[in-house]
Amino acid sequence: MLDRNGIAQRIAQELQDGWYVNLGIGIPTLVANYIPKGISVEFQSENGLLGMGPFPFDGEEDADLINAGKQTVTMLPGGSIFDSSLSFAMIRGKHVQLTVLGAMEVADNGDIANWKIPGKMVKGMGGAMDLVASADNIIVAMAHTNKRGQSKLLRQCTLPLTGVKCVKKVVTNMAVMDITPDGFKLLERAPGVSVEDIKNATEGRLVVEGEIPEMQL
Amino acid sequence: MLDRNGIAQRIAQELQDGWYVNLGIGIPTLVANYIPKGISVEFQSENGLLGMGPFPFDGEEDADLINAGKQTVTMLPGGSIFDSSLSFAMIRGKHVQLTVLGAMEVADNGDIANWKIPGKMVKGMGGAMDLVASADNIIVAMAHTNKRGQSKLLRQCTLPLTGVKCVKKVVTNMAVMDITPDGFKLLERAPGVSVEDIKNATEGRLVVEGEIPEMQL
Amino acid sequence: MNSILRSGNDELLSYLWYSTLNLNKRMNKVVKDAKEAIEGITSGMTLMVGGFGLCGIPENCISALVDLGANNLTCISNNAGVDDFGLGLLLQQKQIKKMISSYVGENDEFERQMLSGELEVDLIPQGSLAERCRAGGAGIPAFFTPAGYGTEVAFGKEVRYFDGKPHILESALHADFALVKAWKGDRFGNLIFKGTARNFNPVMAMAGKITVVEVEHLVEPDELDPNTIHLPGVFVQRIFEGKNYEKRIEQRTVRPVE
Amino acid sequence: MNSILRSGNDELLSYLWYSTLNLNKRMNKVVKDAKEAIEGITSGMTLMVGGFGLCGIPENCISALVDLGANNLTCISNNAGVDDFGLGLLLQQKQIKKMISSYVGENDEFERQMLSGELEVDLIPQGSLAERCRAGGAGIPAFFTPAGYGTEVAFGKEVRYFDGKPHILESALHADFALVKAWKGDRFGNLIFKGTARNFNPVMAMAGKITVVEVEHLVEPDELDPNTIHLPGVFVQRIFEGKNYEKRIEQRTVRPVE
């Protein structure tokens, strides 16, 4: 089983040189720590910046420079600042090549639910609905099961949707899967996890073809 | 009868302090010469500038600073530069209070034709269709009749339209008229022009109520 | 082509107004303070309020609005502030009837009012919110976007396919007043924003019937290069230099010194 | 609120990539010259070409396109140049099959080809042209505008009333290549335009599948203030420093010295 950093590390292998990438809050943010050598990507933050740099040193925070998680950040040379409409123009217009975000549930047709639990306080979808409806390449980073041990990879989402048929790949603590017309296609197992374990933890349709290799981290 | 400058001078009386104004090519451009004392307006050029200044002195022309008529211009302090989409955002969004433009024909319901003569080379509408469809306040500056002596103020336009029911006021070499539900409402006569002259030169419905004063220039 | 127009061409007369022009009398949108700037806001109005989180919010205008006491307000703002800052100050006074936002976490009083039904909340995807503001300012009454298709955001909205992909029709947003924060501005209303404090401020400035801007630095027009202006003054009705900016940071995050 | 996140919080690990990052290896979109920049343009393609009149046109790219000789091109450009400059050069070589523009005067060869039926022309209101380009780049497939309602521009287009006023539905424009001219740019593709040479260039840069930019000054990334960039590099695929700019003036207009 992978931990949060392991999931991030595996997702980082999907990065391609020259991509613009939007990382959601939580595990996705950690992806930035594992960019493969020789690959260079730029981070977009949907509140309005490209070329996001590391967190500032203590005392160097600028209240006028935050990321979409409202954290103080810095900028790298080559970065740029823009307003919210241009920010989502680049997202909606598919100029950002990859979005990585967390989810509560993913269905085997690519539906995703990650913003609302009926009966609980709803904080809002922020930019998630725009991101999932737009990017060609959506990777979900999440645990395979919830705290009660129930599968988060479903035949159909039970929670209100964030987007339909949009997720392309799911990386969990147990497996890497592509979304295909036949369901979750198992590509890799996490170290120490068997295909049987994954089958048991997956409620949605799971396609297992041939030998499933273990992830190389 | 007014000459071109007279028409411009009369239109200038319509200006209100603080207005942003878009002036078309020809007579409308001359309006800038007759801004009443104590009134300040800013000129918008739809290729992307506000705060347009006078033509440059010989030798000071800048190829990167032109107006919508492609003429070299200068900028005044307080001016700004923007792209074409923002330029028409301000036009379409009614942030420019007045558009003055020429016309081939105006109908008594406010229709205007000023871009195309069938059988002749068509140069295009440029920004005219956006301007007339958007601004709350459209004043047409033109001669009352064409070169063959035919009225340009019609019951219905015969040429392809630029916009429908959009003109608010027409100032010609003979008269000032508002567009009303009943047709052209005569407001003022040019010096030396009788109501009868205007009636004879107007093909569209003309509303004449009470005494019609002569323009004060 | 490339001909030089000389005297005799009557268009040349144009712009001679310039020689009689008193540059200091052109356009003055400056008001004294926040109180004067928000004059005319009354209960029941719809306001747009710029900012993302607490970054780039019109602090002075919000304070003046607390003092003014207008209530039953509909606020269009990406977020709702925190309990004791930003729009949270208006929530404390129960001045807000409805919030139109994309994300409203981090605010206990908000949560209480929302769960008790005192406060209406309309949640909109962030990109659609930004584009709907811009559309309002740009005279575009409606547009199609893929965001929200197949979700509860699409309820009751027209769906249309373009290139085989479903989109929903979203409409423009307008406001009686837009309250906006910029870094620098001049008396023409020309604005320059700083860093990510730009966010929703320019598009909301476009969409207000009356757009009020508070700036950190009110400068002379000739101090701003026309080429570098983020938002032309044509969209702005009132401007003033704000005071005592707190610029609170919501998530102060730092890295260790190596 | 306002808490300082310290070590131990694993998100803090994030951005540590930075310490191993070779800044000089990030994003390099620079190509040698116009010839390399337009590689991949083939006959029958749709191109967007920036500029208003002769102001802000991509002179180097147009020359390279004449040399390349690709024909049957559809060109989306506000104007069509003059006989011996700008897009007129492509018209002379009969490389253009169709022009999509708002105004095409001032060009005899254009007129001849149009009247003889060799050249197709699609005339679009200027504001709709700009907004359709932006929409193409912004993932907005269609929008409503009042411009052109009741005119031949509206033929075959959906009409809908908003607030009692008729609007027509206009669709996004896209191009295989967008050819754009900027003043300054860096290897990330960040662009700054100068004066009214900005015009259609930013919106067309947004809408190209491959966006090629020629700049007068190719500068190092740290020379551009992120706050002053007119168009972020994310929209740009190739950039180069152009040569021998003629910057011809179409209507040189001056005023007499008092």
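Small disclaimer: the values here were computed from a predicted structure and weren't measured. In the text below, chain A, chain B and the rest are named by the order of the sequence lines, each starting its count at 1.
Between C:F144 and C:F162, the ring centre distance stays below 6.0 Å.
Remark: the B:Q156 side chain and the B:D111 side chain contain no N/O donor-acceptor pair separated by less than 3.5 Å. Using a 3.5 Å distance cut-off with no hydrogens or angles, the side chains of B:D178 and B:T180 do not pair a donor with an acceptor.
Remark: B:K168 NZ is packed, more than 12 non-hydrogen atoms of other residues, nucleotides or ligands lying under 6.0 Å away. Counting heavy atoms of neighbouring residues, nucleotides and ligands inside a 6.0 Å radius, atom NZ of C:K243 does not exceed 12 of them.
Near-neighbour residues of residues 226-238 of chain C relative to chain B, defined by a heavy atom under 4.5 Å from a heavy atom of that chain, comprise C:P226, C:N227, C:I229, C:P232, C:G233, C:V234, C:F235.
The part of B:M75 that comes within reach of chain C is its side chain, from C-beta onward, which places non-hydrogen atoms under 4.5 angstrom from that chain.
Here the CD1 atom belonging to B:I39 is positioned 7.5 Å from the CD atom belonging to B:Q16, to the nearest 0.5 angstrom.
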